[in-house]
Enquirer: 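Submitted below is the structure of interest, expressed as structure tokens.
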Amino acid sequence: MIFNIENTGSTVSLTGNSSSSVVGTILAPQRSVNLSGGGTLSGAIYAATNGSGYTLSSQSTGYNITSLGYIARTVSAPEPPTIAVFGVGVSVLMAARRRRSHSATLSRAELVRRLSLGVDDPIY
Amino acid sequence: MSGHNEAADGRDSRYGAVSFICGGASASPVTLGAATSYGVLVGPNSTFSDTGSFSLTGNLAFGKSDTIDGSGNSNTPNEVYGNVYEDIGVTSDLTNNYLTGSVYTSYSLASAVNAVNAAAASATALSATSGFATAYQNTAISLSSSSITLNAVTSLSENVLDITSLSLNSGTLTLNDNGISGAKFIINVTGAFSLTGSSKIQVTGGERAPT
């Protein structure tokens, strides 16, 4: 979970008591941040990355932060080689299916005739 | 220590691993890149004032020309279970700090700073997710000793909520994955962000907390 605090503006304030808890990452590129009260954050704080003169302050009973590591969503998109391999696979499957279908249409007599003639591939 | 260019525990390798397992290219609308190595990052030309009992499990990073007043309190020293990274020009006072790792000076944090700014811009550019927290889109959320639960509607992309402000006074905001495995949330806030009292922001249903 990401909290993206946009633009400039008021100080981001996490000043709850020791029972206060937050899960998530806080992005505050153009904000100051004030931490106090002894609460906990399971995530991270990235502040004052776009601009200057901001303050990240931790006062009196401070804050407890545990960084867990953000796992970004990954949307899988097939690459060209993957598509090519997939295409070859589909072709092979279609050929096999056609082959089975064709063999099913041959009469038993015709199959025996082809075998007797020594045809290499009597199905085709 | 000085002159290092990479964080000791850079976590970007996870992205590569995920991409490899999926066997395809990955496209992430919002990624934190190099910033994920840090639990707290203060951008350049700013101040870190830590006069209380601050505790961080993770790495602490300061951009160019930052001023660090980490004098803390001798009775309740600050605790950093990780490393401290300082870019060039940082004025540092880490008196009364308990540090398990090392202090790296003249350490370039440009890539991490840029990654945060890019992630913020990407998040801002996302459209609100149709059907997600409809009643709260483009409004102010203010909870005083009350709670709301927002249920995810998609796993195909982040569940995006745009609000004008978030104010919790002993309130609880719950993000629930709603049975959608891997659901993610992005909350864009244009105004105030304030938590007081015993306020909580929590996730239920298994969504992993990003940092």
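Every heavy atom of this structure was used, including side-chain atoms; hydrogens, water molecules and symmetry mates were not. Convention: sequence-line order gives letters A, B, ...; per-chain numbering from 1.
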Enquirer: Sort A:S52 into side chain, backbone, both or neither according to what part of it lies under 4.5 angstrom from a heavy atom of chain B.
Expert: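 When you check distances to chain B, atoms from both the backbone and side chain of A:S52 fall under 4.5 Å.
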Enquirer: Any chance you could measure B:D50, atom CG, to B:N97, atom CG, to the nearest 0.5 Å?
Expert: 6.0 Å
Enquirer: For the candidates B:D66, B:T67, B:V113, which exhibits the highest count of non-hydrogen atom pairs separated by less than 4.5 Å from chain A?
Expert: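 Of B:D66, B:T67, B:V113, B:V113 has the most heavy-atom pairs under 4.5 Å with chain A.
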Enquirer: So what's closer than 4.5 Å to chain A heavy atoms on B:L109: side chain, backbone, both or neither?
Expert: neither
Enquirer: By the definition ring-ring contact (aromatic ring centres under 6.0 Å, His included), identify the one residue from B:F48, B:Y107, B:Y85 that meets it with B:F62.
Expert: B:F48
Enquirer: With chain A, which of B:L41, B:V40, B:N45 has the greatest number of heavy-atom pairs at distances under 4.5 Å?
Expert: B:L41
Enquirer: Which atom names give the shortest non-hydrogen contact between B:F54 and B:N78, and what distance separates them?
Expert: N-OD1, 3.0 Å
Enquirer: With chain B, which of A:S20, A:S57, A:G62 has the greatest number of heavy-atom pairs at distances under 4.5 Å?
Expert: A:S20
Enquirer: What heavy-atom pair brings A:M1 and B:I201 nearest, and what distance separates the two atoms?
Expert: CE-CG2, 3.9 Å
Enquirer: Please say whether more than 12 non-hydrogen atoms of neighbouring residues, nucleotides or ligands are located less than 6.0 Å from OH in B:Y136.
Expert: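 Result for OH/B:Y136: open.
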Enquirer: Please flag which part of A:T11 lies under 4.5 Å from any non-hydrogen atom of chain B: side chain, backbone, both or neither.
Expert: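 Only the backbone of A:T11 comes within 4.5 Å of chain B.
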Enquirer: Would you be so kind as to tabulate the donor-acceptor pairs closer than 3.5 Å made by side chains of residues 2-9 of chain A, with sequence neighbours excluded?
Expert:
from : atom 1 : to     : atom 2 : distance (Å)
A:N4 : ND2    : B:A120 : O      : 3.2
A:N4 : ND2    : B:T124 : OG1    : 3.0
A:N4 : ND2    : B:N188 : OD1    : 2.9
A:E6 : OE2    : B:T124 : OG1    : 3.2

Enquirer: Which one, A:L35, A:N50, A:L41, leads in non-hydrogen pairs under 4.5 Å with chain B?
Expert: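 Heavy-atom pair counts peak at A:N50.
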Enquirer: By a 4.5 Å heavy-atom criterion (distance strictly below it), what part of A:L27 contacts chain B: side chain, backbone, both, or neither?
Expert: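 Answer is side chain: those atoms of A:L27 sit under 4.5 Å from chain B.
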